[in-house]
Participant: 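Submitted below is the structure of interest, expressed as structure tokens.
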Amino acid sequence: MIDRIWRDVIALSAWGIALPWCIRTTALIQNLSLVPDLSWLDWNVSPAGTPGLIVVVTARDEADNIAATLDTLLAQDYPYLRIMAVDDRSVDATGTIMDEYAARRPDRLTALHITALKEGWLGKTFAMQVATQSSDSEYLLFTDADVLFSPSILRRALAYAERSQAAHLVVMPTAQVRSRGEGIVLGFIQMLGLWASRPWRIADPKAQKDIIGVGSFNLVRRDALESIGGLEPQRLTVLEDVILGRRIKAAGLPQRVAFAPGMVLVHWAKGMGGIVRAMTKNLFSAFNFRPFLLLAACLWIVLFCLVPIAGLVWWVTLLPALLVLGCVAVTYRELSTISDVDARYGWLYPLGALIFMYGMLRSMVLTWVNRGIIWRGTLYPLRELRRFNSPFQWRSKS
């Protein structure tokens, strides 16, 4: 009798995992194509009118990457843009390279240099603030120093932003995969991202949990940014891109997302280890530096991503386990159409899950040991960060 009860409990639990997977995967199949793809010929148009655009490129010790990024921005075919390259206290040749480009193209590029970080600010957010206050345009594009842009993507993005009346537009970057380790981790991150935010629900103002923000391509209307208080309220947010998106959505302003495969390229980090190190700054902050929340997320990954594999060995749980693995395979296949991550990395998703959880735990432990985040040579104390990184801090009042 007891054995039968336990068998029923385990069977129900297995189906309790499989059914959400089936629902989410079905929604992905039905709705992913609804997200605009700016690489299509239909979007090879100019925006209505001539809206001004300032591209803000923040960089600290990016001498190896900044020139390529500036080259692709200067090659843009949209005439009404200026580039503001902000050197955030670099100790390498980043600032010198920016000055050389500014001297060569003063009509399009301005170099700003930050020599001291203002107290109470993160370096990147302060660099964004300086550029915002030093410019005047209808749109601002916040991006990073390791992003490569197709010559027409800014024109296409502005055309979509104007047509959809977006206050905030994210064009999803194509992650460049240069090693198997990168593909394993990035593939799992892509899949996990669909559980955090559904791209096809971003435009729905009622879908308050579905928000978007990507540091590689955060396009925002200046009047919208000013209406939510600018960047000052999030001066110590670690995930400044996601928090900006959360603030825009919470204010009830129109938020949009678009794909553009191959038109916005970014290489996250070199190798599996590089990605893990890059995640160290961000992952614990996503849970407001609360160990319970992070450990609960790890438990979710174990239950929904790893436990179904064990279900393959028992006939009671075999069918729901196969359904989960089938959903994973379909998710990888669907996402491979808009990214550079091969669908075949889906076979290695359990390894990606383990590495991602290691990154989460590493982020938590190092943050606690250091009593804060050390990023690019600057220590940001934990006691100050907590006030600005709550996932519940910016929510709709409606």
Side-chain angles (χ1 to χ4, degrees), residues 20-45 47-48 139 141-143 147 149-150 152-177 186-221 224 241-242 244-246 248-250 252-266 268 327-343 346:
W21 267 107
C22 292
I23 293 170
R24 185 57 59 103
T25 305
T26 301
L28 172 67
I29 296 170
Q30 293 175 338
N31 298 299
L32 191 64
S33 62
L34 301 178
V35 180
D37 186 338
L38 301 187
S39 67
W40 291 353
L41 185 61
D42 293 351
W43 288 107
N44 191 19
V45 296
Y139 286 90
L141 172 63
F142 297 113
T143 188
V147 185
F149 300 87
S150 172
S152 65
I153 186 58
L154 298 189
R155 171 172 53 81
R156 293 169 183 248
L158 281 172
Y160 175 55
E162 288 280 282
R163 188 180 300 182
S164 64
Q165 298 182 325
H168 177 224
L169 167 64
V170 167
V171 176
M172 296 299 294
T174 302
Q176 294 182 292
V177 180
L186 292 176
F188 181 78
I189 291 174
Q190 279 189 166
M191 182 181 71
L192 193 63
L194 289 178
W195 288 90
S197 183
R198 298 162 292 182
W200 54 90
R201 296 296 304 276
I202 296 299
D204 184 355
K206 296 180 181 179
Q208 285 292 313
K209 293 182 179 180
D210 295 291
I211 60 98
I212 193 74
V214 176
S216 304
F217 203 108
N218 255 352
L219 179 69
V220 62
R221 272 204 333 257
D241 47 1
V242 177
L244 178 59
R246 187 179 299 280
I248 291 284
K249 192 72 174 278
L253 299 171
Q255 187 172 77
R256 304 288 185 264
V257 64
F259 299 130
M263 301 191 79
V264 181
L265 300 177
V266 61
W268 273 35
C327 288
V328 170
V330 171
T331 299
Y332 269 76
R333 186 198 66 196
E334 291 292 315
L335 293 178
S336 70
T337 64
I338 56 169
S339 76
D340 196 35
V341 180
D342 195 305

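Numbering starts at 1 and runs along the sequence shown. Note: hydrogens, waters and symmetry copies are ignored here, and every other heavy atom, side chains too, is used.
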Participant: Does a side-chain heavy-atom distance below 4.5 Å link V177 with L186?
Facilitator: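 Yes, close enough: below the 4.5 Å cut-off.
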Participant: Determine whether Y139 and L158 make a side-chain contact, defined as any pair of heavy atoms from C-beta on separated by less than 4.5 Å.
Facilitator: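 When only atoms from C-beta onward are counted, L158 and Y139 do touch, with a gap below 4.5 Å.
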Participant: What's the verdict on side chain to side chain contact (heavy atoms under 4.5 Å, CB included) for V220 and I248, showing C-alpha distance, side-chain angles and the deciding distance?
Facilitator: CA-CA 9 Å; V220 62; I248 291 284; 4.2 Å; yes
Participant: Going from CG on L169 to CZ on R256, what distance comes out if it is rounded to the nearest 0.5 angstrom?
Facilitator: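 Result: 9.5 Å between the selected atoms.
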Participant: Mind running side chain to side chain contact (heavy atoms under 4.5 Å, CB included) on V147 and F149 for me, showing each step along the way?
Facilitator: CA-CA 7 Å; V147 185; F149 300 87; 3.6 Å; yes
Participant: Could you state the interatomic distance from CG (D37) to CE (M263), rounded to the nearest 0.5 Å?
Facilitator: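 It is 9.0 Å, given to the nearest 0.5 Å.
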Participant: Under the 3.5 angstrom rule, does the side chain of T174 hit a backbone N or O of G262 as a donor-acceptor pair?
Facilitator: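 Yes, T174 side chain to G262 backbone: donor-acceptor pair under 3.5 Å.
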Participant: Looking at Q255, R201, R198, which one forms a side-chain hydrogen bond (donor to acceptor under 3.5 Å, both in side chains) with D210?
Facilitator: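 The residue from Q255, R201, R198 that satisfies side-chain hydrogen bond (donor to acceptor under 3.5 Å, both in side chains) with D210 turns out to be R198.
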Participant: Can you confirm whether V45 sits close enough to R163 that some side-chain heavy atom of one is under 4.5 Å from a side-chain heavy atom of the other?
Facilitator: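 In contact.
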Participant: Can you give me the closest heavy-atom contact between I153 and A260, atom names plus distance?
Facilitator: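 I153 and A260 have their closest heavy atoms at CD1-CB, 3.8 Å.
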Participant: Mind listing the closest non-hydrogen atom pair of T25 and V330 along with its distance?
Facilitator: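 In terms of heavy atoms, the two residues are closest at CG2-CG1, 3.7 Å.
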Participant: Can you tell me how far CD of Q208 sits from CZ of R246, rounded to the nearest 0.5 angstrom?
Facilitator: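 That separation rounds to 9.5 Å.
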Participant: Does W43 have more than 12 heavy atoms from other residues, nucleotides or ligands lying within 6.0 Å of its CH2?
Facilitator: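 Check passes, neighbour count above 12.
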Participant: Work out which heavy atom in P199 is nearest to a heavy atom in L194; give both atom names and the distance.
Facilitator: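 Nearest heavy atoms, P199 then L194: CD-CD2, 3.7 Å.
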Participant: Show your working on side chain to side chain contact (heavy atoms under 4.5 Å, CB included) between L38 and V171 and close with a plain yes or no.
Facilitator: CA-CA 8 Å; L38 301 187; V171 176; 3.9 Å; yes
Participant: Using side-chain heavy atoms (C-beta onward) and a distance below 4.5 Å, is Q176 in contact with V266?
Facilitator: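 With C-beta onward as the side chain, the pair stays apart.
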Participant: Write down the atom of A203, the atom of P205, and the distance for their closest heavy-atom approach.
Facilitator: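 Looks like O-CD, 3.2 Å.
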Participant: Using modelled atom types and a 3.5 Å cut-off, is there a donor and acceptor pairing between side-chain atoms of K249 and backbone atoms of I212?
Facilitator: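 Not confirmed, K249 side chain does not pair with I212 backbone.
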Participant: With heavy-atom distances below 4.5 Å as the criterion, would you say the side chains of S39 and F259 are in contact?
Facilitator: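 No; the side chains remain at least 4.5 Å from each other.
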Participant: Does the side chain to side chain contact (heavy atoms under 4.5 Å, CB included) test come out yes or no for L154 and L219, once each step is laid out?
Facilitator: CA-CA 10 Å; L154 298 189; L219 179 69; over 6 Å; no
Participant: Determine the minimum heavy-atom distance between Y332 and G187, stating which atoms define it.
Facilitator: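 Shortest heavy-atom separation between Y332 and G187 comes out as OH-C, 3.2 Å.
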Participant: Any donor-acceptor pair under 3.5 Å linking the side chain of S197 with the backbone of I211?
Facilitator: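 Present.
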Participant: Drop me the distance from L41's CG to R156's CZ, to the nearest 0.5 angstrom.
Facilitator: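 Here the rounded value is 7.5 Å.
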Participant: Supply the atom-to-atom distance L253 CG to H168 NE2, rounded to the nearest 0.5 angstrom.
Facilitator: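 So the CG of L253 and the NE2 of H168 are separated by 11.0 Å.
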Participant: Can you find a heavy atom in the side chain of C327 that is under 4.5 Å from one in the side chain of C22?
Facilitator: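 Yes, at least one pair of side-chain atoms sits under 4.5 Å.
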Participant: Check the angle between the aromatic planes of W21 and W195 and answer parallel, tilted or perpendicular using the 30° and 60° thresholds.
Facilitator: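 Correct class here is perpendicular.
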Participant: Are V214 and P173 side-chain neighbours, meaning at least one heavy-atom pair lies under 4.5 Å?
Facilitator: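 Of all side-chain heavy-atom pairs linking P173 with V214, at least one is under 4.5 Å.
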Participant: Decide yes or no on side-chain hydrogen bond (donor to acceptor under 3.5 Å, both in side chains) for N44 and R155, but give the supporting numbers first.
Facilitator: CA-CA 8 Å; N44 191 19; R155 171 172 53 81; 2.9 Å; yes
Participant: Using a 3.5 Å distance criterion without hydrogens, assess whether the side chain of T337 forms a donor-acceptor pair with backbone atoms of E334.
Facilitator: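 Confirmed, T337 side chain pairs with E334 backbone.
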Participant: Roughly how far, to the nearest 0.5 Å, is CG of L28 from CG of N31?
Facilitator: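 The CG atom of N31 sits 8.5 Å away from the CG atom of L28.
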